[in-house]
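See structure below.
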Amino acid sequence: MPTEIMPLPERVESLASSGLTTIPKEYVRPESERDSLGDAFDEAMKLNSSGPQVPVVDLAGFDSPDEAVRAKCVEELKKAAEDWGVMHIVNHRIPLELIDRVREVGKGFFDLPVEQKEKYANDQASGEIQGYGSKLANNESGQLEWEDYYFHLIFPEEKTNLSLWPKEPEDYIEVTKEFAKELRVVVTKMLSMLSQGLGLESGKLEKEIGGMEELLMQMKINYYPKCPQPELALGVEAHTDVSSLTFLLTNMVPGLQLYYGGKWVIAQCVPDSLLVHIGDTLEILSNGRYRSILHRSLVNKERVRISWAVFCEPPKETIVLKPLPELVTEAAPAKFPPRTFKQHIQHKLFKKTQEDFTSPK
Ligand SMILES: O=C(O)CCC(=O)C(=O)O
Ligand SMILES: [Fe+2]
C-alpha cells in the first residue's frame, strides 16, 4: 500500500522569492491587529528617545570585588525584570568573535537553497519538532506567520541529537556547541542575580528549574524573509515566552516589539548586547514580581531579518512550578496555581483556542 505523503508546508522564503507583490490571505492579520502594524524600519525610525525604551543592563558590575558595586548591579537587573521583564545585557563576557561566528553559521545555513534545507525538515505530525520548519495552520482561521525557522536542543550536551543539527556550513556544530557552553555560564549568572534580587540565596532559582542537568536550552533560529506588505503581516505573532529565560541575538535588523505601557515599543538594536526575556516560568516562581512581557516581531520590505532565540526551560513533567513559598504572603497571595511546564503550555494553548473560537470572524 502506498503510504500517504504529507505535503511539506510552504516555505515563506520560497513565497517571498517568487516575486509576489501581495501576500496570500493566510498571512494577512485580522483587521483589529492591523492598525498597529508597519514596516519594522519605519517603526524603528519613529523610535523617539523620549519614549520608553527597553533597558540596558551592564553586567560588568556583578564581577566586581566590591560588594556595593555588585549589589547595585543586582538592583538594576531586578528593576528591569520587574518593570519590563526584558532587557539588553552588555558585558555578558561571551566573546564577541564567537557571537559573530554564530551569526555566520546560521546565515550560512539559511543561505543554502530551500531544497537543500528541506533535507532537515522537521516532522511535526510525528512529534519531531527539531529541524527546519514553518508554522502549520493550527486553527480555523489558518493564520500563518512570515518566517521559517530552525529549532534544536543545544544544552545539556548529552541530551542533544547532533543528527538533527545542520551539517552545513561545516563549522555549524562546533560553533553552536561552543556558544551553548558560553551562554550556559551567563544563564547561571543571570539566575543568581535574579535570585538575589528577590532576597533569595544565589542558587535558588537555578535549582528550582532543574539546575545544570535538567535545565534545557533550545535554540530557534527565526528567518524572516523580506515582505512586500509588512503592514499586513507579522513575523511571530504576539505571545509571552513559556521559558524561564530567553536569550535573543539578531543580525541587527529591527523587528522585535514589546507591549509596554499599553503600546507596542520596538526594541532598538544595541551593539554587542544580548536581549533577555524573563519567561512565564520565572514570572510564576517569583509570584508575578518578575514579568513575562508580551512581544511579537514585525517584518520589513528591505532586509532579511534573522534572530537566534535560546529558550531556557525546566524539564517538562518532573518539576511542579508554583510561586516560591518565600514570596507568598497574606498581602501577596499566590497568583498562579501549581502546574508542570507541560501543563502550563497546554493551559496556554487551551486558552488561546478558546479565544480564537470566541473572537468575531
Ligand atoms: O525574532 C524576534 O525578535 C522574536 C522571536 C520570538 O519572540 C520567539 O521566537 O519567541
Ligand atoms: Fe518570544
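None of these values were measured; they are calculated from a predicted model. Computed over heavy atoms, backbone and side chain alike; hydrogens, waters and symmetry mates excluded. Read the numbers this way: they start at 1 and go in the same order the structure lists the ligands and their atoms.
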Does the distance from a Lys or Arg side-chain N to an Asp or Glu carboxylate O, for E157 and R184, drop under 4.0 Å? no
In plain terms, say whether R305 and E147 are close enough for a salt bridge, that is, a side-chain N and a carboxylate O under 4.0 Å apart. no
Partner of H92 by side chain to side chain contact (heavy atoms under 4.5 Å, CB included), out of L274, V185, V57: L274
Against H295, only a single residue in V86, D241, L248, V265 fulfils side chain to side chain contact (heavy atoms under 4.5 Å, CB included); can you say which? D241
Within the protein, residues bringing a heavy atom under 4.0 Å of ligand 1, chain by chain: K220, N222, Y224, H239, D241, L248, L256, H295, R305, S307, F311
Counting heavy atoms not belonging to K72, are there more than 12 under 6.0 Å from its NZ? no
Got M190 and I89 here, is their nearest side-chain heavy-atom distance under 4.5 Å? yes
Residue pair E10 / L144, side-chain heavy-atom distance below 4.5 Å: no
Any side-chain to backbone donor/acceptor pair from H239 onto L294? Under 3.5 Å, distance only. no
Mind checking how many protein N/O/S atoms fall short of 2.8 Å from the Fe ion (ligand 2)? 3
Under a 3.5 Å cutoff, is there a donor and acceptor pairing between the side chains of Y120 and E168? yes
